[in-house]
Amino acid sequence: LTKLGHDIIHHGGKLPSCEAKGKRVKMAVSKKQPAKKRQKKKSSLWIIALIAVILLILVGVVFLVLPKFRKEAAPEKPETIKVEAAEKSYAAGSRLSEKNFRVYGISGKQKQLLDADTYSVSPAKVPAHGHSVTVEVSSKAYPDIKAEITVLIDRDESVRYKIGRENPDDVEAILYSNGDLEISGKGSVRNFKSDSAPWKKDSVKRLTWIDPEAEVESMDYWFTGNDEYLETLCRIPDTVRSMVETFKNATAMTSMPDMSGAVRLEDITSCAEGCIALEKAMELPGNIKQAKKAFYGDTALIEGADTTACMQLENMDSMYYGCVALASVQIPDSAKELSNICNGCVNLKEVHIPSSAQKMNSSFFGCTALESITGEIPSSCTDSGNLFSGCKFLSGTLTVSCTSKTTLSSSFSDAATAGTGLTIILRYDAEKSQETANTGFYGGTKSADEILNALKASMEAAFSSGSHITITTNADKTEG
């Protein structure tokens, strides 16, 4: 073809006339047609290759890029999630991760297993102590979508004690190597006398679970004198009626158990006496009647028990005796026996006198920080010796309802020697006490005024020279 071009140019744009050259032209023309086909075929191959490359790119996008994009993009919000544990229990102290649980997103009737990286679990570690742990699972994309599951904690057993009442095998106490004690089984549990609990000489540090089917009626003396006992991780069940000396002298115990559900509990006499590490008491159930010496000598106790629900609590004798750090205390109006209740509580600033009080001997003796008193001393109170002795900052106004049997001569010894002073109003209340003046301590035929004046004189004679107490009387003029 190149030579033919040169020939055409050489002959002025005309084809050569010789036969040989004509043959070459014909041959050149006949060879040009297959070249075009080859070029066309080559172009087609390039187009096919290009299409193949594009298809490969699309496949890569579908299978490689889009899944990653889906993970980064927020998934569709489920209505709720459901959690299932992969194992029945998890070892104490072991780590928890999302892979320990199967989580399903639920929308209507649709249920879909979620990827482990789309949710989080809390806590991240199984507690070292306890019967079970509640795990919260929440969606990372939608934190308000969450669910809880409770799983058992696996520990190594040390010893089992048979404690069933009718049949010892019915209920067992299980002590684990980490010091956890659990009550397991069905049926009534035997009661124990002082120092007779079977785990008395073993290293029990925590009560972690009481089987709901185990009928525990008395927890008297369970951990008396156990200086290793630290805390109770389970609620006191509603079958318990008595907790006398349960934790007495458990000197390492830092917290009281949850008693709010123990609706049959009546007696907590000396329950936490001598627990010198205890800083806060607990909410008392409404059926409590006896709380004598419940927190006696608990020198670290700052906050007293919540008695809001207590409608039958009568005996609070020496309940907080010697609790030198006590800053607040509640005394319900049902309380009758209050002798020594807060004796020596040098950080107590305010107290309430219940309307049912009968015995208040040395109730607030030596409460040197005490300033404010609410309520009044009722006519039912017949024993109030040294009631506020040594309360040097006592101030405000206090009303005393008196009868012919009221004695107050030593009730305010060395009281109100500093501060703004205290005013005491003596009021005679014969009707409330159902007594007459001539049956009391002041002889026959004494009028209310005469009795009140005699009381006033005996009190003033006992006051110290620096006392800032003013006494007034308000008799109802009713003769005895």
Side-chain angles (χ1 to χ4, degrees), residues 51-157 174 176-178 180 182-186 206-214 231-238 255 257-258 260-261 283:
I51 292 173
V53 170
I54 293 173
L55 288 174
L56 286 173
I57 292 173
L58 291 174
V59 170
V61 169
V62 170
F63 287 98
L64 298 175
V65 179
L66 286 181
K68 184 177 179 181
F69 176 77
R70 287 194 193 101
K71 289 182 180 180
E72 293 175 353
E76 183 180 352
K77 184 176 182 179
E79 295 175 3
T80 59
I81 57 176
K82 180 182 178 181
V83 185
E84 296 177 356
E87 304 291 340
K88 290 183 178 180
S89 63
Y90 296 91
S94 63
R95 295 193 62 81
L96 286 174
S97 71
E98 290 74 14
K99 294 181 180 180
N100 292 126
F101 304 93
R102 293 183 294 271
V103 181
Y104 298 89
I106 300 174
S107 296
K109 295 182 179 181
Q110 294 184 344
K111 179 180 177 181
Q112 182 181 4
L113 182 64
L114 302 180
D115 292 335
D117 59 357
T118 63
Y119 56 86
S120 59
V121 299
S122 177
K125 192 175 182 180
V126 178
H129 302 274
H131 175 73
S132 61
V133 58
T134 298
V135 180
E136 182 182 87
V137 179
S138 58
S139 167
K140 290 182 178 179
Y142 308 101
D144 58 315
I145 303 296
K146 59 184 67 176
E148 291 183 345
I149 185 171
T150 299
V151 296
L152 299 178
I153 299 176
D154 189 24
R155 295 148 296 169
D156 295 327
E157 285 188 22
I174 306 169
Y176 295 91
S177 60
N178 63 353
D180 290 359
E182 296 190 350
I183 311 300
S184 178
K186 181 178 181 180
R206 294 171 177 85
L207 178 63
T208 56
W209 187 62
I210 298 178
D211 195 319
E213 294 189 305
E231 59 184 335
T232 304
L233 300 181
C234 59
R235 298 180 69 186
I236 303 302
D238 59 7
S255 63
D258 181 356
S260 59
E283 177 185 350

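Just so it is clear, the values below take in all heavy atoms, side chains as well, and ignore hydrogens, waters and symmetry mates.
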_Assess the residue pair Val151 and Phe101 against the criterion (side chain to side chain contact (heavy atoms under 4.5 Å, CB included)); give the C-alpha distance rounded to whole Å, side-chain angles, the decisive distance to 0.1 Å, and a yes or no._
CA-CA 11 Å; Val151 296; Phe101 304 93; 4.2 Å; yes
*Decide yes or no on side chain to side chain contact (heavy atoms under 4.5 Å, CB included) for Asn100 and Val121, but give the supporting numbers first.*
CA-CA 9 Å; Asn100 292 126; Val121 299; over 6 Å; no
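Of the charged side-chain nitrogens involved, at least one lies within less than 4.0 Å of a carboxylate oxygen, so that Arg155 and Glu182 count as a salt-bridged pair. Salt-bridge check for Asp144 with Lys77: passed, with a basic side-chain N closer than 4.0 Å to an acidic carboxylate O.
For Asp180 (side chain) and Gly130 (main-chain N/O), a donor-acceptor pair under 3.5 Å exists by modelled atom type. Counting only distance, with no hydrogens or angles, the side chain of Asn178 and the backbone of Ala128 share a donor-acceptor pair below 3.5 Å. At distances below 3.5 Å, at least one donor-acceptor pair connects side-chain atoms of Asp211 with backbone N or O atoms of Glu213. When atom types are taken as modelled, the side chain of Tyr119 and the backbone of Ile81 share no donor-acceptor pair closer than 3.5 angstrom.
A parallel orientation is assigned to the rings of His131 and Trp209, their planes being inclined by less than 30° (bins at 30° and 60°).
For the atom pair CD1 (Ile183) and OG1 (Thr208), the distance works out to 9.0 Å, reported to the nearest 0.5 Å. Atoms CG and NZ, from Asp115 and Lys140 in turn, are 10.5 Å apart once rounded to the nearest 0.5 Å.
A heavy-atom distance below 4.5 Å is found between the side chains of Leu113 and Arg102.
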